[in-house]
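Reading through the C-alpha cells given below for one structure.
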Amino acid sequence: MQTSTTSKLLVSDIASSVDRVPSSYIRQISDRPNISDVDISGDSIPLIDLQELYGPSRANIIHQFAHACSSYSFFQIKNHGVPEKTIERMMTVAREFFHQPESERVKHYSADTKKTTRLSTSFNVGSEKVSNWRDFLRLHCLPIEDFINEWPSHPVSFREITAEYATSVRALVLILLEAISESLGLEKDRVSNTLGKHGQHMALNNYPPCPQPDLTFGLPGHKDPNLITVLLQDEVSGLQVFKDGKWIAVHPIPNTFIVNMGDQMQVISNDKYKSVLHRAVVNSDKERISIPTFYCPSFDAVVGPQHELLINEEEDSPAIYRSFTYAEYYEKFWDRALATESCIDTFKISKT
Ligand code: OGA
Ligand code: NI
C-alpha cells in the first residue's frame with residue numbers, strides 16, 4: 001500500500017516511503033549541491049590540539065586560534081575534555097529519539113520558532129519556499145533547570161544524558177571563549193563578559209537517506225546567528241564549508257568537535273573573525289546525525305564591536321555594526337527564510 005506523503009510532518013517519515021524526492025524539496029538547477037563545486041583535494045580546515053592549552057605552549061596554541069579564526073572561521077579540536085562516553089551516549093540517545101515511532105516524535109512538533117523546545121523539519125517551514133531534507137529537535141539548555149522539564153522524556157534517559165552533554169560542552173565553550181578572546185588581543189574574559197547571562201541552545205539534526213541527494217540540501221548555505229557553534233557529527237560526511245570561492249568537505253574525525261564562528265563573533269570582533277557560509281548535503285544510503293551546540297549571548301545582552309578592535313578610533317564611525325540586543329538579532333534571523341545573505345548586514349552602520 002502506498003502511504004500518502006502529504007500528511008507527513010517530518011521528512012524522516014517521508015523518506016522511508018519514496019523512491020524520488022517530492023517536488024517541494026527540489027532546488028533550481030543553479031542552487032543544487034553541484035559536485036564539481038566541491039574541493040575534494042583533501043585540504044581541510046585546521047585541527048587544533050587543546051592538550052597543551054594550559055601548559056608552556058599556550059602562546060603557540062593561541063596563535064593557532066588566531067590563524068584558524070581569521071583565515072577559516074572553522075576548525076576542529078581534539079583533546080577537548082568532553083569525555084568520550086558522554087559523546088557516545090549523546091549520539092546514541094539522539095539516534096534513539098529519531099528512531100521512535102512517529103506518534104511519539106510528533107508530540108514535540110511545532111512550527112513556532114519562539115518555542116524553546118521543539119521538533120521541526122527543514123529550517124523554517126513558515127517562511128521558506130523549498131524544503132530541506134532535515135528534521136531537527138531544538139532545545140534551549142542554559143540554565144538547564146529552566147528547560148529540562150520541557151525536553152522529551154522519551155527515550156527515558158534523554159534528559160539525563162542531554163543535560164550531562166550540555167554541561168560538559170559548556171565547560172569546553174568557556175575554555176574556547178578565553179582562548180578566542182586572547183587570540184583577538186583582548187583580556188581572556190572579555191568575550192564571555194559581552195554575553196550577559198549567556199545562552200546555550202542545541203539542535204539534534206537528523207538527515208535521513210535521500211533517494212536523489214543531488215536535487216536538494218540537508219541544509220543550504222547559511223551562517224549561524226549565534227556566537228560560536230560546537231558541532232558533533234557522527235561518522236557520515238555531509239558538512240561543507242565555503243572557503244576561497246569553493247566548498248570544502250569536512251570529513252568526520254572520531255572524537256573531535258568542529259567549531260565555527262557565528263554572526264555575534266563577527267560583530268564583537270568588528271569583522272576580524274567572520275561568520276562563514278556552510279551547508280549540509282545528504283546522501284542516498286546513510287542517515288546522518290549531527291548535534292550542534294549554539295552558544296550565544298542571553299537575549300537581554302547588548303552586543304556590539306569591542307572598542308579595542310576598531311580599526312581607526314580617530315575616524316567618525318570606525319565600528320562596522322551598531323549595538324543591539326541579541327533578542328532583536330535572533331528574531332530577525334528566524335523571520336527570514338534561511339538565506340545566503342547574512343542577517344548581519346541589516347545591523348551595519350551606514351557609511352553615508
Ligand atoms: C547547523 C549546521 C551542519 C551539519 O545546524 O546550523 O550548520 O553538519 N549544521 O549538520
Ligand atoms: Ni550552521
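Numbering of ligands and ligand atoms starts at 1, following listing order. Keep in mind that the numbers below use all heavy atoms, side chains included, and drop hydrogens, waters and symmetry copies. Computed from a predicted model, the values in this text were never measured in an experiment.
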Should Phe324 and Tyr330 be counted in the same cluster of Ile, Leu, Val, Met, Phe, Trp and Tyr side chains packed under 4.5 Å apart?
yes

What are the two closest non-hydrogen atoms of Tyr25 and Thr216, and how far apart are they?
O-OG1, 2.8 Å

Does the ring of Trp334 carry Arg118 above it, NZ/CZ under 6.0 angstrom from centre and within 45° of its axis?
yes

Measure from NZ or CZ of Lys332 to the centre of the six-membered ring of Phe347 and say whether it is under 6.0 Å with the direction within 45° of the ring axis.
yes

Passing candidate, side-chain hydrogen bond (donor to acceptor under 3.5 Å, both in side chains) with Ser275, options Thr229, Asp224, Asp263
Asp263

Shortest-distance N, O or S atom of His278 relative to the Ni ion (ligand 2):
NE2

Asp224, N/O/S atom nearest the Ni ion (ligand 2):
OD1

Give a table of atom pairs where an N or O of ligand 1 lies under 3.5 Å from a protein N or O.
{"from": "ligand 1", "atom 1": "5 (O)", "to": "Asn205", "atom 2": "ND2", "distance (Å)": "3.2"}
{"from": "ligand 1", "atom 1": "6 (O)", "to": "His222", "atom 2": "NE2", "distance (Å)": "3.1"}
{"from": "ligand 1", "atom 1": "6 (O)", "to": "Asp224", "atom 2": "OD1", "distance (Å)": "3.3"}
{"from": "ligand 1", "atom 1": "7 (O)", "to": "His222", "atom 2": "NE2", "distance (Å)": "3.1"}
{"from": "ligand 1", "atom 1": "7 (O)", "to": "His278", "atom 2": "NE2", "distance (Å)": "3.0"}
{"from": "ligand 1", "atom 1": "8 (O)", "to": "Arg288", "atom 2": "NH1", "distance (Å)": "3.1"}
{"from": "ligand 1", "atom 1": "8 (O)", "to": "Arg288", "atom 2": "NH2", "distance (Å)": "2.8"}
{"from": "ligand 1", "atom 1": "10 (O)", "to": "Tyr207", "atom 2": "OH", "distance (Å)": "2.7"}
{"from": "ligand 1", "atom 1": "10 (O)", "to": "Ser290", "atom 2": "OG", "distance (Å)": "2.6"}

Could you check whether the rings of His108 and Phe97 sit parallel, tilted or perpendicular, using 30° and 60° as the cut-offs?
tilted

Trace of the salt bridge (Lys or Arg N to Asp or Glu O under 4.0 Å) decision for Glu102 with Lys8:
CA-CA 9 Å; Glu102 185 179 7; Lys8 302 277 184 201; 3.2 Å; yes

